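Only one structure is covered here, and it is reproduced in the block below.
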Amino acid sequence: MTQDERNQLFYSIIRCVPHGRVATYGQIASLAGLPKHARHVGVALRKLPAGARVPWHRIVSSRGEIARRAANSGRDCESEQYGLLLDEGIEFDDNDRICLERYQWKPRGEVRVRG
DNA sequence: AAGTTGACGGATG
DNA sequence: TCATCCGCCAACT
């Protein structure tokens, strides 16, 4: 499996995360059949071309925090992700964290891949 | 070829 | 709950 194939796999799963819900890096990796590859989900998102139809902002850490290092990829993703999630009706607590119990995506049945 | 790095995660104190 | 420390693994140096 090439790096690009792996990235596409992650992207196709991330595209399944519905509006108003979030998923964690580790969750996406597991759904892809690649547990313990949470970091590579981040790698894939870092390489995501601007304008791709992938809801990258719905991916948060296992603690419900949004990524800060995303600023490395050129633009200020931290505030951008924050705003996009707010637009979807997702609320943050006083520590800028998302309540995963409430907003984490729980896929029903098989996740359709390569759609 | 070997060491470093990273949009991470879980265990531990 | 927060801080730290490891485990992880492929891309990059």
Side-chain angles (χ1 to χ4, degrees):
Chain A
M1 167 174 251
T2 68
Q3 176 189 25
D4 194 60
E5 287 172 333
R6 198 181 66 228
N7 290 348
Q8 294 306 320
L9 178 58
F10 288 149
Y11 296 155
S12 63
I13 293 172
I14 293 172
R15 274 195 288 269
C16 298
V17 183
H19 182 284
R21 309 234 97 199
V22 299
T24 69
Y25 296 89
Q27 180 182 2
I28 298 301
S30 293
L31 288 172
L34 296 171
K36 304 188 181 193
H37 287 238
R39 315 188 77 134
H40 297 295
V41 175
V43 170
L45 291 182
R46 191 184 60 214
K47 304 198 170 193
L48 187 65
R53 296 199 310 281
V54 176
W56 57 270
H57 56 283
R58 296 181 189 143
I59 308 305
V60 300
S61 80
S62 64
R63 289 166 17 204
E65 297 174 314
I66 64 178
R68 289 150 214 207
R69 316 179 185 191
N72 295 343
S73 60
R75 61 193 195 284
D76 181 5
C77 290
E78 181 178 5
S79 57
E80 185 180 353
Q81 180 171 15
Y82 191 88
L84 287 168
L85 290 176
L86 282 180
D87 286 346
E88 298 196 351
I90 290 173
E91 300 174 314
F92 291 77
D93 63 20
D94 294 333
N95 302 305
D96 282 341
R97 277 186 304 189
I98 294 166
C99 175
L100 291 182
E101 286 287 323
R102 195 163 125 173
Y103 293 109
Q104 182 169 25
W105 173 47
K106 285 154 192 164
R108 310 200 172 187
E110 296 265 322
V111 175
R112 172 86 80 176
V113 163
R114 287 249 198 272

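Being a predicted model, the structure only gives us computed values, none of them experimental. Naming: A, B, ... by sequence-line order, numbering from 1 per chain.
Identified under the salt bridge (charged side-chain N to carboxylate O under 4.0 Å, His left out) test for residues 96-106 of chain A, with sequence neighbours left out: A/Glu91-A/Arg102.
The side chain of A/Ser62 places an N or O atom within less than 4.0 Å of a non-bridging phosphate oxygen (OP1 or OP2) of B/dG10.
Straight-line distance from the CD1 atom of A/Ile59 to the C1' atom of B/dG9: 15 Å, rounded to whole Å. In this structure, the CZ atom of A/Phe10 is 13 Å from the P atom of B/dC8, given to the nearest Å.
With rounding to the nearest 0.5 Å, the separation of CZ in A/Arg21 from CD1 in A/Ile98 is 11.5 Å.
The shortest distance between side-chain heavy atoms of A/Gln81 and A/Val60 falls below 4.5 Å. Side chains of A/Val41 and A/Leu34 form no contact here, defined as non-hydrogen atoms less than 4.5 Å apart.
For residues 88-100 of chain A, proximity to DNA chain B is found at no residue, defined as any non-hydrogen atom under 4.0 angstrom from a strand atom.
Considering every non-hydrogen atom in both A/Pro55 and A/Arg15, the closest pair reads CD-CA, 3.8 Å. Residues A/Thr24 and A/Ser62 approach most closely at CG2-CA, 3.9 Å, considering heavy atoms.
Side-chain contact, A/His40 with A/Gln3: no donor N or O sits under 3.5 Å from an acceptor N or O.
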How would you summarise protein contacts on nucleotides 8-13 of chain C per nucleotide, using B for base, S for sugar-phosphate only and - for none, with heavy-atom distances below 4.0 Å?
BBSSS-
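A side-chain contact (heavy atoms from CB on, under 4.5 Å) with A/His57 is found for one member of A/Asp87, A/Ile90, A/Leu85, A/Leu45 and no other, namely A/Leu85.
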